[in-house]
**Student:** 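Handing you a structure now.
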Amino acid sequence: MRSLPDRLHRTFFRSMSLLPASGQGRFLRHYFEWFHRTPDPWRHAVDPYEARKYAATLAHVEGDSYDRILDVGCSEGTFTLLAAAAHPAADVLGVDVSERAVHRAAAKARGRARFARLDFLNQDPGGRFDLVVCAETLYYVGRDDRLRLASERLRSFLSPGGTLVLVHPWPEARRLHRFLDGDPLLVRRDEQVEHDGGRPYAVSSYRLR
């Protein structure tokens, strides 16, 4: 069962989705800019749990080749740079609403990947991508109508035949991924549930028809 702080956290962000999408986007930009006032606030670069989750995500698409990869909600780019190392021939772009986060990511990247501040609910990253990854992000989107919009936006970033990979806590992922599960333009490729130290998560992948 989710803890009380987690439930309050989710309730707060659901309430923010009562705003128009543009207003919600402005709120999220301010919130995550504040949250990144200190480097690596989620300890993505040093937490063994995060490292195992990144490895499971990359293994999910192992063996495929991609020309363009998009990491949505990349924070300071820890996973983005792992994806770039796994697919060195690809053009890899990480996007996040926090200017501080993408500035730190770009400083670490040294040309291995590109980073840009972007509100994916309201802005396009430019072009289409063979692989789009969105991890630990959709629970910030809020209520059903906004989650549906977010799901449609993620699908719109895919090239024909492209792959979308979502990574979210389990069983919450059932709710967060359901609009993509029901999207007639997408085919579910696979879903893997990892029960890692009492913090289970699902890695779900879809292919654009």
Side-chain angles (χ1 to χ4, degrees), residues 13 16 21-62 64-141 150 153-159 162-168 201 203 205:
F13 281 96
M16 290 301 101
S22 58
Q24 183 184 15
R26 286 192 297 271
F27 164 77
L28 291 173
R29 287 196 297 274
H30 289 303
Y31 175 83
F32 285 107
E33 193 68 9
W34 170 82
F35 198 79
H36 283 91
R37 66 195 184 279
T38 56
D40 196 14
W42 286 286
R43 303 181 73 248
H44 286 161
V46 296
D47 187 338
Y49 168 82
E50 297 294 341
R52 293 191 298 271
K53 186 163 58 177
Y54 295 152
T57 304
L58 289 173
H60 211 70
V61 293
E62 192 174 27
D64 294 331
S65 61
Y66 304 99
D67 293 326
R68 302 192 76 208
I69 298 173
L70 176 66
D71 184 12
V72 178
C74 68
S75 187
E76 296 180 15
T78 302
F79 175 79
T80 319
L81 294 177
L82 291 172
H87 301 277
D91 172 28
V92 181
L93 173 63
V95 296
D96 197 276
V97 293
S98 168
E99 184 70 39
R100 284 174 174 162
V102 296
H103 178 76
R104 290 176 188 143
K108 292 185 292 186
R110 299 177 181 175
R112 290 173 290 165
R114 298 182 294 116
F115 293 91
R117 183 174 69 79
L118 182 127
D119 165 14
F120 85 98
L121 289 175
N122 297 286
Q123 297 173 300
D124 287 336
R128 297 293 177 263
F129 297 82
D130 307 299
L131 174 63
V132 175
V133 179
C134 181
E136 305 284 352
T137 297
L138 288 180
Y139 41 73
Y140 293 109
V141 168
R153 297 285 295 161
L154 291 171
R155 186 244 293 149
S156 76
F157 302 154
L158 288 170
S159 300
T163 298
L164 171 64
V165 176
L166 303 179
V167 186
H168 290 96
Y201 60 89
V203 183
S205 64

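Quick note: numbers below take in every heavy atom, side chains included, and nothing from hydrogens, waters or symmetry partners.
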**Student:** Main chain of Glu33, side chain of Glu99: is a donor-acceptor contact present, judged purely on distance under 3.5 Å?
**Tutor:**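 It does not hold such a pair.
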
**Student:** For the atom pair CG (Leu166) and CD (Glu136), what is the distance rounded to the nearest 0.5 Å?
**Tutor:**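 Rounded to the nearest 0.5 Å, the CG-CD separation comes to 11.0 Å.
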
**Student:** Evaluate the criterion side chain to side chain contact (heavy atoms under 4.5 Å, CB included) for residue pair His87 and Val92; output intermediate values, then yes/no.
**Tutor:** CA-CA 9 Å; His87 301 277; Val92 181; 5.6 Å; no

**Student:** Donor-acceptor pair, distance only, cut-off 3.5 Å: does the side chain of Arg112 make one with the backbone of Leu82?
**Tutor:**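 Looks like no, no N/O pair under 3.5 Å.
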
**Student:** Closest heavy-atom contact between Asp96 and Ser75?
**Tutor:**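 Smallest interatomic distance, heavy atoms only, reads OD2-N, 2.8 Å.
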
**Student:** Mind checking the CZ-CZ spacing from Arg100 to Arg117? Nearest 0.5 Å is all I need.
**Tutor:**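 That separation rounds to 12.5 Å.
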
**Student:** I would like to know whether Thr78 and Lys108 meet side chain to side chain contact (heavy atoms under 4.5 Å, CB included); could you show each step before the answer?
**Tutor:** CA-CA 9 Å; Thr78 302; Lys108 292 185 292 186; 4.2 Å; yes

**Student:** Rounded to the nearest 0.5 Å, what separates atom OG in Ser65 from atom CG in Asp130?
**Tutor:**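 Spacing of OG (Ser65) from CG (Asp130) equals 8.0 Å.
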
**Student:** Can you see which heavy atom on Val102 is nearest to which on Phe115, and at what distance?
**Tutor:**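 Answer, listing the atom of Val102 first, then Phe115: O-CB, 3.9 Å.
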
**Student:** How would you list all residue pairs meeting salt bridge (Lys or Arg N to Asp or Glu O under 4.0 Å) that involve residues 76-91, not counting sequence neighbours?
**Tutor:**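 Non-adjacent pairs meeting salt bridge (Lys or Arg N to Asp or Glu O under 4.0 Å): Arg68-Asp91, Glu76-Arg104, Asp91-Arg114.
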
**Student:** Which heavy atom in Pro125 sits nearest to a heavy atom in Leu70, and how many Å separate them?
**Tutor:**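 The answer is CG-CD2, 3.8 Å.
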
**Student:** So do the side chains of His36 and Trp42 get within less than 4.5 Å of each other, counting heavy atoms only?
**Tutor:**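 In contact.
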
**Student:** Is there a side-chain contact between His30 and Val97 in this structure, where contact means two heavy atoms from C-beta onward sitting under 4.5 Å apart?
**Tutor:**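 No. Closest side-chain heavy atoms not under 4.5 Å.
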
**Student:** Can you tell me how far apart CG (Asp119) and CG (Asp124) are? Round to the nearest 0.5 Å.
**Tutor:**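 Answer for the CG-CG pair, Asp119 versus Asp124, is 10.5 Å.
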
**Student:** Atom CZ of residue position Arg110 - does it have more than 12 heavy atoms of other residues, nucleotides or ligands inside 6.0 Å?
**Tutor:**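 No, the 6.0 Å shell around CZ holds no more than 12 heavy atoms from other groups.
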
**Student:** Any side-chain heavy atom of Val133 sitting closer than 4.5 Å to one from Val61?
**Tutor:**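 Contact flag for Val133/Val61 side chains = no.
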
**Student:** Are any non-hydrogen side-chain atoms of Leu28 and Phe120 less than 4.5 angstrom apart?
**Tutor:**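 Leu28 vs Phe120: side chains apart.
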
**Student:** Name the orientation class of the two ring planes belonging to Trp34 and Tyr31 (parallel below 30°, tilted from 30 to 60°, perpendicular beyond 60°).
**Tutor:**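 Because their plane-to-plane angle lies in the 30° to 60° range, the rings of Trp34 and Tyr31 count as tilted.
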
**Student:** Closest approach of Ile69 and Ala90, non-hydrogen atoms and distance?
**Tutor:**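 So the two residues come closest at CD1-CB, 3.9 Å.
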
**Student:** Mind checking whether Phe79 and His44 have side chains closer than 4.5 Å, heavy atoms only?
**Tutor:**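 In short, these two side chains do not touch, never coming nearer than 4.5 Å.
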
**Student:** Quick one: does Asp71's side chain get under 4.5 Å of Phe129's, heavy atoms only?
**Tutor:**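 Side-chain contact under 4.5 Å: no.
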
**Student:** Looking at Thr137 and His168, what are the two nearest heavy atoms and their distance?
**Tutor:**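 Smallest heavy-atom distance, with atoms named: N-NE2, 3.1 Å.
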
**Student:** At their closest point, which heavy atom of Val165 faces which heavy atom of Ser205, and how far apart are they?
**Tutor:**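 Minimum heavy-atom contact is CG2-CB, 4.0 Å.
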
**Student:** Working to the nearest 0.5 angstrom, can you tell me the gap between Thr80 OG1 and Leu93 CG?
**Tutor:**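 Rounded to the nearest 0.5 Å, the OG1-CG separation comes to 8.5 Å.
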
**Student:** Evaluate the side-chain proximity of Leu154 to Leu138: yes if any heavy-atom separation is below 4.5 Å, no if none is.
**Tutor:**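 Answer yes - side chains close enough.
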
**Student:** Before we go on, tell me: are the rings of Tyr140 and Phe13 under 6.0 Å apart, centre to centre?
**Tutor:**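 Ring-ring flag for Tyr140/Phe13: true, centres closer than 6.0 Å.
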
